[in-house]
Amino acid sequence: MTKKIDFYFDFISPYSFLAHKKIISSNVRNKFNYKAILLGGLHNLGGITAPAFNERKMKNMKNDCNLIAKKSKIDFVWNDKFPINSLYLMRGYLFVNSDKKDKYFNLCFDAYWKNNEDISKEENIKNILSKCEIKPNDFKKGIEDQKIKNELKDLTNIAFQNDVFGAPTFVVNNNLFWGQDRLEYALDELNN
């Protein structure tokens, strides 16, 4: 079995979006296990106030994301509806069949961080599901399934127990690398 980097993400995280785009543009997607977490839940476990709720951090975060996107040539728009509750979208990632998971993932991220859509709105979610050929009723049942609810909660708790405190976080060889700017360090560690 090939060793991979665990990539902890949440659709609510602009830095996770930027990291994912760097992974795709570097053609190294096959070196990553994408691990869904609920960032708000992780912050609650750690007693962390998210930057979205601190005016100065928020201002810096917007500027920072725009600089990173420009330098990395990534299409990026700060979403007018930031932050949203990503609970259903993250459960959705766990529910969606593996053959549609990448498409769902990319459509959710692009809708939010590229197209400035409010992906917490039902009509926008339905549009994503339609493009993935997923029936909205099946999706709704799936994200309300206790198994899916427990899986997201467990993944978030396990991440917290392993000292993950934000997204994106990369873990390889029991070493934690936090932030999109640590992607190269995680890749270097993988190759050691």
Side-chain angles (χ1 to χ4, degrees), residues 4-24 28-45 50 52 74 76 79 81-162 164-172 178-180 183 186:
K4 292 191 175 190
I5 299 169
D6 289 335
F7 171 25
Y8 292 90
F9 75 93
D10 186 328
F11 292 124
I12 193 67
S13 165
Y15 292 111
S16 291
F17 170 79
L18 294 168
H20 170 67
K21 291 299 184 180
K22 287 180 177 184
I23 289 167
I24 297 302
V28 291
R29 169 68 177 93
N30 64 335
K31 295 182 180 194
F32 291 84
N33 288 320
Y34 281 53
K35 301 263 192 176
I37 57 169
L38 188 63
L39 190 54
L42 187 70
H43 286 165
N44 286 340
L45 289 169
I74 297 170
F76 174 83
N79 195 288
K81 299 297 183 190
F82 180 79
I84 60 165
N85 184 339
S86 61
L87 177 65
Y88 296 141
L89 297 164
M90 298 311 294
R91 284 185 193 164
Y93 179 78
L94 298 174
F95 164 73
V96 171
N97 291 333
S98 58
D99 61 327
K100 297 178 181 182
K101 199 172 283 292
D102 281 348
K103 187 169 190 174
Y104 173 84
F105 180 91
N106 285 314
L107 287 169
C108 285
F109 255 151
D110 282 353
Y112 196 60
W113 292 115
K114 182 178 168 187
N115 303 331
N116 196 25
E117 294 175 22
D118 182 352
I119 56 174
S120 65
K121 286 192 169 185
E122 189 173 350
E123 64 266 21
N124 292 331
I125 295 172
K126 282 183 178 178
N127 185 35
I128 290 167
L129 296 177
S130 174
K131 289 177 182 175
C132 293
E133 299 177 6
I134 299 167
K135 294 177 182 172
N137 287 339
D138 292 345
F139 183 82
K140 189 172 182 178
K141 277 189 207 171
I143 65 173
E144 291 299 332
D145 184 290
Q146 195 60 48
K147 181 182 170 198
I148 294 294
K149 289 179 178 182
N150 290 343
E151 186 177 358
L152 182 59
K153 188 174 184 177
D154 291 346
L155 286 167
T156 302
N157 284 328
I158 290 167
F160 176 73
Q161 291 164 8
N162 290 321
V164 174
F165 59 90
T169 295
F170 308 101
V171 178
V172 59
W178 173 62
Q180 63 77 36
L183 175 60

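Remark: Asp110 engages Lys21 in a salt bridge (Lys or Arg N to Asp or Glu O under 4.0 Å) (not counting sequence neighbours).
Remark: side-chain polar atoms of Asn85 are paired, donor with acceptor, to backbone N or O of Leu87 under 3.5 angstrom. Looking at Trp113, its side chain does come within 3.5 Å of a backbone N or O of Phe11 through a donor-acceptor pair. Lys100 places a side-chain N or O within 3.5 Å of a backbone atom of Glu133 that can act as its donor or acceptor partner. Between the Tyr8 side chain and the Leu155 main chain, no donor and acceptor come within less than 3.5 Å of each other. With Asn124 contributing its side chain and Ile119 its backbone, the two residues share no donor-acceptor pair below 3.5 Å. In this structure, the side chain of Asn97 does not engage the main chain of Asp99 through any donor-acceptor pair within 3.5 Å. Without hydrogens or angle criteria, Ser13 side chain to Ala167 main chain gives a donor-acceptor distance under 3.5 Å. Lys131 places no side-chain N or O within donor-acceptor distance of the main-chain N or O of Leu107, the cut-off being under 3.5 Å.
Between Tyr104 and Leu89 the shortest heavy-atom distance is OH-O, 2.9 Å. Closest heavy-atom contact between Ala186 and Ile5: O-CD1, 3.6 Å. Ala19 and Leu183 make their closest contact through O-CD2, 4.0 Å (heavy atoms, listed as atom of the first residue, atom of the second, distance). The two atoms that bring Asn116 and Asn79 nearest to each other are OD1-CA, 3.1 Å, heavy atoms only. Shortest non-hydrogen contact noted between Ile74 and Leu18 is CD1-O, 3.8 Å. The two residues Thr156 and Gly41 make their nearest non-hydrogen contact at CG2-C, 4.1 Å.
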Could you give me the CA-CA distance, side-chain angles and deciding distance for Leu45 and Asn157, then say whether side-chain contact (heavy atoms from CB on, under 4.5 Å) is met? CA-CA 8 Å; Leu45 289 169; Asn157 284 328; 3.2 Å; yes

Checking side chain to side chain donor-acceptor pair (under 3.5 Å) for the pair Asn127/Glu123: CA distance, chi angles, key distance, verdict? CA-CA 6 Å; Asn127 185 35; Glu123 64 266 21; over 6 Å; no

Does His20 form a ring-ring contact (aromatic ring centres under 6.0 Å, His included) with Tyr34? I'd like the steps, not just the answer. CA-CA 10 Å; His20 170 67; Tyr34 281 53; 5.6 Å; yes

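Side chains of Phe76 and Pro14 form a contact here, defined as non-hydrogen atoms less than 4.5 Å apart. Asp102 places a side-chain heavy atom less than 4.5 Å from the side chain of Arg29. With contacts defined as side-chain heavy-atom distances shorter than 4.5 Å, the pair Leu39/Ser86 does not qualify.
The local environment of NZ in Lys101 is crowded, with over 12 non-hydrogen atoms from other residues, nucleotides or ligands closer than 6.0 Å. In the displayed structure, Lys149 atom NZ is contacted under 6.0 Å by more than 12 heavy atoms of other residues, nucleotides or ligands. Within 6.0 Å of CD on Glu122 lie no more than 12 heavy atoms contributed by other residues, nucleotides or ligands. In the displayed structure, Asn137 atom CG is contacted under 6.0 Å by at most 12 heavy atoms of other residues, nucleotides or ligands.
Taking the charged nitrogens against the carboxylate oxygens, Asp145 and Arg91 have no contact shorter than 4.0 Å, which rules out a salt bridge.
In this structure, Phe82 and Tyr112 have tilted ring planes: the angle between them lies in the 30° to 60° band. Using a 30° and 60° split on the angle between ring planes, Phe7 and Phe9 fall in the tilted class, from 30° to 60°. Between Phe95 and Phe139, the two ring planes are perpendicular [angle over 60°; tilted spans 30° to 60°].
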